[in-house]
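By convention here, the first residue in the shown sequence is residue 1. The basis for the numbers below is simple: all heavy atoms, side chains too, and nothing from hydrogens, waters or symmetry mates. We count ligands from 1, going down the list as the structure has it; atoms in each ligand are counted the same way.
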Amino acid sequence: KKGGYDHFMIKEIFEQPKAIKDTLMSRIDDSGKINLDNIDIKSEDIKNIEKIYIVACGTAYHAGLVGKALIEKYARIPVLTDIASEFRYNNPFIDEKTLMIVVSQSGETADTLAALRLAKEKKAKVLAVCNVVGSSISREADYVFYTWAGPEIAVASTKAYTTQVVSLALIALYMADMKGTIDEFEYKKVLEEVKVLPEKIEKILESQSNIKSAASYISKSSDIFYIGRGFDYYLAMEGSLKLKEVSYIHSEAMAAGELKHGTLALIEENTPVLALATQDFLYDKMISNIKEVKARGAYTIALAKEGNTEIKGVADFIIYIPSAIDELTAPLAVIPLQLLAYYVATERGCDVDKPRNLAKSVTVE
Ligand code: F6R
């Protein structure tokens, strides 16, 4: 059942190149354009959208945050994001010119389903990014973009996240094309980058052995902090959640620039800090943040793009990912973070596939 792997989580981590390929396959036509005909969202409908709400829970919410940044960047539509259990009670700004995007692997998460129903009541159209055909969310949404990740068994979500991010990237580019907010050159360039994600992930999976030594350090710690800026902040949230849920180590994700507004007080001698530094234009700022925590004794693990040599003299341990445009580092950089969580959890003898207190599908509010 686990196909030769010790756990479903690691099996599903390794399935990501295929899951992404499957998700992309039927969506890009021979002319190299994204084709969402079978979702039946009309270009008129897209032009009429004044704002978008992306609502989800947990890991799906983290994918939604990446989606927000992509849609705002390429399609220039304002996107609000909310956690489903909060959204419902926040008196959200929804009308017929709002598109609601819900993101859900299972399609059964009670809060996300309730958020969808609320949006429909207020006359918004709902687009679901969902992995389970025939699930409640996929049945009740106006449009469904299926992630073809295949069944995800491990409680900790891995391949669902990467396929959600890729789906949202396609949605962002599609909307941008419809609205004319992206030129052909950039559209092609970004889409090419999306298409090579599976190969790049394959490479990361082949070269994962050094991650085990970072995992071994972290497994002996009681706290860890993930820091980043922009896309890396959203990634920090996902990396941190993954680690805490499977290893039971207390972990926090922080926007790197927020550290000095309080959290820096928690950095002590040997506290591990995972610094995500994949964003070229924010790189110098991240280097300062790494120095800032190092000066307080932190053990710093940096994640950067290949070819980035400057970071070598700064962080204690470096994890490299293949180079990519800043907008598409999340689905690459999340792979070492998933592996790290997995190795830390197995080293600590945790029940990785079924962490205590958690359920795969959260059908209660
Ligand atoms: C974390 C995890 C959860 C789910 C969340 C939403 O690894 O799996 O945070 O992402 O419960 O579930 P779905 O996507 O099924 O709505």
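- Here the side chain of Lys33 pairs no donor or acceptor atom with the backbone of Tyr174 at under 3.5 angstrom.
- If you look at Glu245 next to ligand 1, the close heavy atoms, those under 4.0 Å, all belong to the side chain.
- Residue-level proximity to ligand 1 for Lys242 is carried by the side chain, the only part with a heavy atom below 4.0 angstrom.
- In terms of protein heavy atoms, atom 15 (O) of ligand 1 is closest to Ser106 OG, 2.7 Å.
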Audit row: Asp22, Lys18, salt bridge (charged side-chain N to carboxylate O under 4.0 Å, His left out) steps and yes/no: CA-CA 6 Å; Asp22 291 348; Lys18 179 176 188 299; 2.7 Å; yes

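- Under the 30°/60° scheme for interplanar angles, the aromatic rings of Tyr217 and Tyr299 are found to lie parallel.
- Under the 3.5 Å distance criterion, with hydrogens and angles disregarded, no donor-acceptor pair is assigned to the side chains of Gln164 and Thr147.
- Short contacts between ligand 1 and Ala60, defined as distances under 4.0 Å to a heavy atom of the residue, involve ligand atoms 10 (O), 14 (O).
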Evaluate the salt bridge (charged side-chain N to carboxylate O under 4.0 Å, His left out) criterion for residues Lys42 and Asp40: first the C-alpha distance (whole Å), next the side-chain angles of each, then the deciding distance (0.1 Å), finally the verdict. CA-CA 6 Å; Lys42 307 234 170 357; Asp40 206 24; 3.2 Å; yes

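- Closest heavy-atom approach to atom 6 (C) of ligand 1 among the candidates Ala84, Ala56, Cys57: Cys57.
- Annotation: atom 11 (O) of ligand 1 to nearest protein heavy atom, Val362 CG2, 4.2 Å.
- Regarding atom 2 (C) of ligand 1, its nearest protein heavy-atom neighbour is Thr59 OG1, 3.8 Å.
- Residue contact check: Thr109 has heavy atoms under 4.0 Å from atoms 12 (O), 13 (P), 15 (O), 16 (O) of ligand 1.
- Residue contacts with ligand 1 for Asn131 are absent, since no atom lies close enough (heavy atoms, distance under 4.0 Å).
- Looking at Ser104 next to ligand 1, an N or O pair under 3.5 Å apart turns up.
- Atoms of ligand 1 lying under 4.0 Å from at least one heavy atom of Gly58, given by number and element, are 9 (O).
- Here Lys179 pairs with nothing under the salt bridge (Lys or Arg N to Asp or Glu O under 4.0 Å) rule; sequence neighbours left out.
- Below 3.5 Å of separation, one finds an N or O of Val155 facing an N or O of ligand 1.
- With contacts defined as side-chain heavy-atom distances shorter than 4.5 Å, the pair Val132/Glu152 does not qualify.
- For atom 14 (O) of ligand 1, the nearest non-hydrogen atom of the protein is Gln105 N, 2.6 Å.
- Residues Leu205 and Ile335 meet the side-chain proximity criterion, which asks for heavy atoms closer than 4.5 Å.
- Set against the non-hydrogen atoms of Ala156, the atoms of ligand 1 under 4.0 Å away are 7 (O).
- In this structure, Thr109 contributes its side chain and Asp111 its backbone to no donor-acceptor pair below 3.5 Å.
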